[in-house]
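Data block below; observations after.
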Amino acid sequence: MGAVIWDLDDTLVVERAAAEAAMLATCEWAAMTLSVNPVQLCDDVFGLAKSHWRALPTIRYARDVGISSWEGLWATFDGPGPELAELRSRAPSYRQSVWRAAVERQLHPSAKAISELADRFIVERRARIRMFDDARSTIDHLCQRVPMVVVTNGAPDTQRAKVRHSGLDRFGLPTVISGDIGVGKPDPEPFERALRMLGVSPAQAVAVGDSHSRDVEPALELGLAALLLIRESTRKEQQADPHSRFGVISTLHEVTQIVEP
Ligand SMILES: [Mg+2]
């Protein structure tokens, strides 16, 4: 295999667990100052973020490039283009309205308390940017051996922050970010860009990611090999399917064996 196209969120860097931990830390901090139930507040913020995010006029763009409601709670939406400008102008009121609606399910907060909570989550989330251990060692091993590109959905600022603050940037991998190009996975365009950057044909590359619909399916349609990363214990069930057109791995160390048999 001549080249690797990596997914970023929950493949190379921790996403869901980091977002949940940051939310819990923020809500526990709120519990100390506002006497709210932190677990209920967490649930309410995640739920209300989804509904408020869907109600924004930017939802079509956010869906096209794959920016989630909880990313909207810490993204700055820096970058060119009218869609990012619109999100940039709406983000502060989006965050305030989500936090206010969530806290108001338990008590009536001050405007200052809501601002502090919205800001606190941004700090807590940024503090939890990190690579998976198997990602660090695998990228370290492969980066001098095969060309590699990262292809990720999301806002340019959050995805760049993850690359930079996780330490992934020291490997110097080119990165295709959906928010920069206006279209995200599962559209084939980000993969086609990655192949052009790598200078290889689809048959020479393998895509590695944790999403069947966004990473594996578009890769297979373009003629790439694909590896679905499932870090949890469902792996045996996946392996039992003899008709599977893609491989299933439970750690990124397995990518090394496939790329360099
Ligand atoms: Mg992912």
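Both ligands and their constituent atoms are indexed starting at 1 by order of listing. Quick caveat, the model's predicted, so the values are computed rather than measured. Every heavy atom of this structure was used, including side-chain atoms; hydrogens, water molecules and symmetry mates were not.
Transitive grouping of hydrophobic side chains (ILVMFWY, heavy atoms separated by less than 4.5 Å) keeps Val151 and Leu227 in distinct clusters.
Here Asp119 does not pair with Arg95 in a salt bridge; the nearest charged N to carboxylate O distance is not below 4.0 Å. Comment: Asp134 engages Arg231 in a salt bridge, judged by a side-chain N to carboxylate O separation of less than 4.0 angstrom.
Taking the Mg ion (ligand 1) as reference, the nearest N/O/S atom within Asp210 carries the name OD1. The nearest N/O/S atom of Asp9 to the Mg ion (ligand 1) is O. Considering just the N/O/S atoms of Asp7, the one nearest the Mg ion (ligand 1) carries the name OD2.
Aromatic ring centres of Trp53 and Tyr94 lie closer together than 6.0 Å.
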